[in-house]
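Just below is one structure, and these are the notes that go with it.
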Amino acid sequence: MARLSTGALLRYLRGNVEEKATLQVLGMKLIDNKAGEDNQNRRYRLMLSDGKNTFSSCMLGSQLNSLIDNSELKENSIVRIEKCMCNVIDRQAGKFVLMIADLSVVVSTADKIGDPVVLPLTNISNNNLPTKSEPQDDIVVPNTTAPASKTNVIRQGSNVLPTADRLVNGKKGGNTNNTNNNNSNSTKPERIFTIDIWTIRARVTNKTAVRTWENARGKGQLFSCDLCDETGEIRATAFGSDCDKFFPMLEIGNVYYITKGTLKTANKQYNQTNNDYEMTFNHDTLIEACTEQTQIPETKFNFIPISEIAQRDPNSIVDVIGIVKSVSDIQRIVGKQSQKEFTKRDILLMDDKAKLSVTLWGQQAEEFDGSSNPVLAIKGAKISDFNGRTLSCLQSSIVKINPNIQEAHEIRTWYDNEGFEMDVEDLSTKTDRERMTPFKTIGQITSEQLGSNDKPDYITCKAICLMIKKDSVVYMSCPAENCSKKVIDNGDGTFRCEKCNASHENFKWSYMANAEISDSTGSQWITLFRNEAEALFGITPEEFGQMKSNNDEEAINAVVTKAQNNEKMFKLRIKIDNYNDEQRLRVTCVNISDVEYVNNVKQLLVDINQLTAS
DNA sequence: CCCCCCCC
């Protein structure tokens with residue numbers, strides 16, 4: 001039976017955020033946001049109860065808004081806090097915000113439990129952390145409404161500060177050591193205090209050297225660093241004197257409380273963190289080292305499959321993980337422009353679908369030990385389009401060997417069990433034609449006049465097969481190997497091939513199917529030959545030909561119908577050619593594959609970001 | 001307010 005975790009709210013505010021407490025939602029309020037119409041970023045503030053106390057500065061992560069939208073999470077719901085953070089706004093004044101990064105709804109519809117009172121915020125900074133709930137105080141859900149214990153969870157003798165809410169209401173808290181008043185209407189919603197000052201507790205995962213800059217706007221110095229906490233990451237930069245002040249304070253790997261700073265939209269072109277904003281440290285910024293133990297991850301990776309690098313734009317920045325298949329020796333080269341000498345080392349990195357060459361530079365190259373096929377995780381490598389696709393690490397790239405993260409364990413297991421004997425597509429040896437199959441819509445075939453160059457254009461589009469010319473799916477072709485020329489039935493049991501200039505005793509069925517495919521932007525007739533037609537129909541040309549010989553209309557209809565109306569990825573070769581003095585667009589399908597929706601959506605997001613960035 | 005990151 002679910003129980004509320006008595007005392008959990010105080011423990012959270014004291015920093016014991018690892019606890020997965022069961023709490024009741026006594027109130028929720030949509031917070032006014034400046035971008036009022038921005039439905040994505042709307043924020044709810046919850047009043048949570050642990051059965052004994054309530055705390056109403058609990059911000060619900062916006063990714064959890066759907067729980068409210070679908071009424072799974074509502075007033076009096078009982079929830080389990082899966083992940084939260086305590087944001088200290090002003091420790092002395094007892095201003096805290098509990099950020100709910102993840103929760104699960106234990107009981108959606110419930111009655112109010114107990115008679116909790118507003119949590120008096122004591123000197124939370126005392127280190128005497130209760131680490132587990134007190135079972136004797138647990139309140140059974142849902143069939144008891146026993147009043148909360150008379151004992152306040154706050155330690156005897158502690159300095160009790162007024163609650164944040166009381167401060168907002170303009171009252172002095174005084175000694176509220178025993179605030180447990182069963183008559184108090186503690187569910188009365190308090191005003192939220194304005195969160196115009198924030199504090200994050202974050203780990204520095206990367207830091208640049210101090211660099212000087214000079215351009216038309218002036219000159220100066222700067223450094224930047226990447227910060228991450230349990231919920232995300234952000235890049236921060238300091239200029240001028242702020243640079244002098246903060247550079248020596250921040251050390252890679254350490255955790256800091258950072259208060260105040262300017263936020264601006266991130267320039268995705270240069271910012272490899274997964275955040276729409278970036279931070280500038282300014283005169284008001286306060287940075288304080290955090291010496292407590294935290295669960296803040298070392299580095300936040302946003303891995304993409306290696307195969308997806310083929311679809312991404314050159315020069316874009318990605319995170320990848322893979323097995324080091326092989327490693328080159330150190331090479332020394334001289335830069336063309338700079339005339340400086342660089343050292344480099346190439347690594348062949350593979351996952352379950354593809355492999356490619358990754359270049360490390362300088363110290364990273366020299367110190368790299370790739371023996372015994374380690375897992376390599378790279379954050380912030382640049383895609384280069386030399387020799388197909390390769391990756392190049394930057395000074396800012398984070399390269400981790402055998403990191404202790406889930407994805408690394410998964411790929412290790414895969415490689416040791418089966419991957420070691422697999423071969424996968426090599427993105428770094430492909431010809432231009434093979435790799436240049438960007439995602440496009442059918443409408444773009446016309447709008448971009450694809451196929452009008454000397455070389456054919458190759459695109460990949462997500463489309464549905466609308467119609468198939470079912471009478472001309474297969475034809476009788478020359479049985480000779482490497483010849484698929486249509487044969488003429490001599491009527492005497494032999495079949496003439498003009499190409500081989502010979503008559504054969506038999507023929508073979510070959511595919512040449514015509515299909516109309518469509519997406520939201522248009523439709524296009526395409527031709528499919530053996531591999532692609534076989535992928536579309538799911539049967540061999542011989543099987544199809546047999547049905548045709550048997551005049552088995554019903555079977556043919558069944559096969560054709562099944563091939564229609566499915567969404568697939570069509571890789572197309574597009575070329576205008578002359579046929580009987582007439583120009584016509586030939587669109588040949590060169591590959592059909594299933595839509596990988598996760599990758600497809602990621603690609604769409606990349607496209608959308610590029611549209612909004614420009 | 002930077003935004004360069006190398007070579008075949």
Side-chain angles (χ1 to χ4, degrees), chain A residues 206-227 234-247 250 261-285 313-320 326-348 356-368 378-399 426-432 435 609-610 613-614:
Chain A
N206 210 359
K207 184 175 108 166
T208 70
V210 175
R211 205 177 70 233
T212 55
W213 58 277
E214 185 167 356
N215 61 24
R217 293 182 208 171
K219 59 179 180 178
Q221 58 167 359
L222 74 132
F223 83 96
S224 24
C225 60
D226 295 334
L227 305 169
I234 191 163
R235 193 171 86 155
T237 305
F239 294 95
S241 57
D242 305 319
C243 176
D244 292 328
K245 181 173 166 191
F246 295 121
F247 183 83
L250 297 171
T262 316
L263 288 175
K264 62 169 187 175
T265 315
N267 185 341
K268 292 284 178 185
Q269 197 186 341
Y270 303 111
N271 186 333
Q272 70 258 26
T273 56
N274 181 30
N275 198 316
D276 293 338
Y277 296 91
E278 58 189 51
M279 193 190 296
T280 306
F281 295 149
N282 58 36
H283 292 75
D284 297 328
T285 302
D313 286 341
N315 298 322
S316 59
I317 304 284
V318 293
D319 300 354
V320 286
S326 61
V327 183
S328 80
D329 290 333
I330 289 267
Q331 299 160 59
R332 283 168 210 290
I333 49 133
V334 176
K336 253 196 281 194
Q337 256 115 47
S338 62
Q339 290 299 310
K340 277 191 206 158
E341 193 186 74
F342 299 102
T343 51
K344 60 165 276 198
R345 192 198 291 272
D346 290 325
I347 293 162
L348 191 60
L356 91 170
S357 176
V358 180
T359 304
L360 299 179
W361 297 94
Q363 201 176 346
Q364 271 177 342
E366 282 154 38
E367 290 172 358
F368 186 76
I378 305 173
K379 182 176 180 61
K382 196 180 77 167
I383 298 177
S384 135
D385 62 352
F386 176 77
N387 239 350
R389 284 290 162 91
T390 55
L391 282 181
S392 184
C393 283
L394 311 175
Q395 314 253 339
S396 56
S397 303
I398 301 176
V399 176
D426 189 343
L427 304 183
S428 302
T429 59
K430 290 204 146 186
T431 63
D432 281 2
R435 76 191 153 76
N609 279 334
Q610 282 179 357
S614 57

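Residue numbers start from 1 in every chain, and the chains themselves are labelled A, B, ... in the order their sequence lines are given, proteins ahead of strands.
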Is there aromatic stacking of A:Phe239 on B:dC2 here, judged by a ring-centre distance under 5.5 Å and a plane angle under 30°?
no

Could I get the full list of salt bridge (Lys or Arg N to Asp or Glu O under 4.0 Å) partners for A:Asp276, not counting sequence neighbours?
A:Lys268

For A:Thr280, all residues meeting side chain to side chain donor-acceptor pair (under 3.5 Å), sequence neighbours excluded
none

Contact list please: residues 211-224 of chain A against DNA chain B, heavy atoms, distance less than 4.0 Å, in numerical order.
A:Arg211, A:Trp213, A:Asn215, A:Arg217, A:Leu222

Set of side-chain contact (heavy atoms from CB on, under 4.5 Å) partners for A:Ile383, sequence neighbours left out
A:Ile309, A:Arg312, A:Ser316, A:Val318, A:Arg389, A:Leu391

Please tell me which of the listed nucleotides, B:dC8, B:dC3, B:dC5, lies nearest to the side chain of A:Phe386?
B:dC8

Side-chain donor-acceptor pairs of residues 326-334 of chain A under 3.5 Å, sequence neighbours excluded:
unit_1, atom_1, unit_2, atom_2, d
A:Ser328, OG, A:Gln331, NE2, 3.4
A:Ser328, OG, A:Asp346, N, 2.9
A:Ser328, OG, A:Asp346, O, 3.4

Send over the distance from A:Phe246 CZ to B:dC2 P, rounded to a whole Å.
19 Å

Selection from B:dC7, B:dC2, B:dC5 that lies nearest to any side-chain heavy atom of A:Gln395:
B:dC5

Measure the distance from CG on A:Asn206 to P on B:dC2 and round it to the nearest whole Å.
20 Å

Quick one: label A:Ser397 by what it contacts on the DNA or RNA (base, sugar-phosphate, nothing), any heavy atom closer than 4.0 Å.
nothing

Under the side-chain hydrogen bond (donor to acceptor under 3.5 Å, both in side chains) definition, can you give me all pairs with a residue in residues 207-217 of chain A, not counting sequence neighbours?
none

Under 4.0 Å, heavy atoms only, any strand: does A:Arg345 hit a base, just the sugar-phosphate, or nothing?
nothing

